[in-house]
Amino acid sequence: MKLLTIFGLGIIYMVGAIPAGMVMKLPLLLTAFVTWLGYSAGSVIIVFVGAPLQQWFMKKFNIAAKLEKPSFFMRSWKAYGLPALGILAPVTIGSPTATLVGLALGAQRWKLVTAISLGVIPWVAAFATLASLGIHLGTK
């Protein structure tokens, strides 16, 4: 049940999954791996469920996706493409939203899933290292 919790947190809130695993007294490497699996699964779920749902919703309600002002995220996409999306997503918009954004921008499904899955690895490693050192971010 603990691993399932970490897996679910990996999908929804990757940053909180590793500290939660530490609180549950799970081994750090196992926690990091299950967090990565959950995060990656979030992208796969959206590729199979979210993209068709998004297309149906946009067609049904005649919605056109348009961005009025180029954001940091969009400037990064234009400059660096999928690698930028993969690296920025874990600490900005998360796996499910990043996958929808990537699909909307025309990224190929499996290249997108790969970028999302690989982009989170440095973040998981960093958060696991900080947690193992006992560093608490955002707490007193």
Side-chain angles (χ1 to χ4, degrees):
M1 194 62 164
K2 292 177 183 180
L3 290 177
L4 189 59
T5 300
I6 300 304
F7 183 83
L9 278 172
I11 293 173
I12 299 168
Y13 183 58
M14 183 275 303
V15 175
I18 292 173
M22 299 286 291
V23 168
M24 293 181 205
K25 306 245 188 275
L26 292 171
L28 183 60
L29 290 177
L30 179 62
T31 299
F33 180 72
V34 172
T35 298
W36 172 79
L37 279 177
Y39 187 83
S40 297
S43 182
V44 172
I45 291 167
I46 294 301
V47 160
F48 287 108
V49 177
L53 185 61
Q54 177 193 26
Q55 290 170 354
W56 174 83
F57 187 77
M58 291 177 77
K59 185 178 178 181
K60 174 85 172 159
F61 296 103
N62 197 24
I63 298 171
K66 62 180 178 178
L67 298 169
E68 296 180 16
K69 179 182 170 190
S71 64
F72 168 73
F73 198 81
M74 287 308 298
R75 289 190 310 269
S76 298
W77 171 263
K78 287 180 182 178
Y80 305 105
L82 280 175
L85 182 65
I87 290 289
L88 293 174
V91 292
T92 56
I93 58 177
S95 169
T97 306
T99 303
L100 284 174
V101 167
L103 289 170
L105 293 171
Q108 293 177 350
R109 289 179 177 198
W110 290 111
K111 286 184 179 181
L112 179 59
V113 169
T114 301
I116 297 288
S117 296
L118 294 177
V120 75
I121 291 173
W123 292 106
V124 168
F127 287 122
T129 301
L130 292 173
S132 72
L133 296 172
I135 297 173
H136 303 282
L137 300 176
T139 60
K140 294 181 180 182

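Residue numbers start at 1 and run along the sequence shown. Below, each value reflects all heavy atoms present in this structure, side chains not excepted, and no hydrogens, waters or symmetry copies.
- Here the side chains of Leu85 and Tyr80 are not in contact, with every heavy-atom distance at 4.5 Å or above.
- Counting all heavy atoms, side chain and backbone alike, Ala107 lies closest to Leu112 at CB-CB, 4.2 Å.
- Between the CZ atom of Phe7 and the CD1 atom of Ile12 there is a distance of 10.5 Å, given to the nearest 0.5 Å.
- Looking only at distances, no side-chain donor or acceptor of Lys2 sits under 3.5 Å from a matching main-chain atom of Leu26.
- One distance of note links CD of Gln108 with CG of Leu103; it measures 11.0 Å at 0.5 Å rounding.
- Here the CD1 atom belonging to Ile87 is positioned 12.0 Å from the CG atom belonging to Leu82, to the nearest 0.5 angstrom.
- How far OG1 of Thr114 is from NZ of Lys111: 9.5 Å, rounded to the nearest 0.5 Å.
- With no hydrogens or angles considered, no side-chain donor-acceptor pair links Ser95 and Ser43 at under 3.5 Å.
- Across all non-hydrogen atoms, the minimal contact from Pro90 to Met14 is CB-CE, 3.5 Å.
- Taking the side chain as every heavy atom from C-beta outward, Thr92 and Thr97 never approach each other to under 4.5 Å.
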Exercise for review: Take Tyr39 and Ile116 through the test side-chain contact (heavy atoms from CB on, under 4.5 Å) and record every step on the way to the result.
Suggested key: CA-CA 8 Å; Tyr39 187 83; Ile116 297 288; 3.5 Å; yes
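- Heavy-atom minimum distance, Ala20 versus Leu9: CB-CD1, 3.6 Å.
- Atom CZ of Phe33 sits about 10.5 Å away from atom CG of Leu3, to the nearest 0.5 Å.
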When you look at Val47 and Thr99, which way does the side-chain contact (heavy atoms from CB on, under 4.5 Å) test go after all the steps?
-> CA-CA 7 Å; Val47 160; Thr99 303; 3.7 Å; yes
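- Residues Ile18 and Val23 do not share a hydrophobic cluster, clusters being chains of Ile/Leu/Val/Met/Phe/Trp/Tyr side chains in contact below 4.5 Å.
- Among all heavy-atom pairs drawn from Leu28 and Ala128, the shortest one is CD2-O, 3.4 Å.
- Annotation: the span from Leu100 atom CG to Ile46 atom CD1 amounts to 5.0 Å, rounded to 0.5 Å.
- Within the 3.5 Å criterion, the main-chain N or O of Leu37 finds no donor-acceptor partner in the side chain of Ser40.
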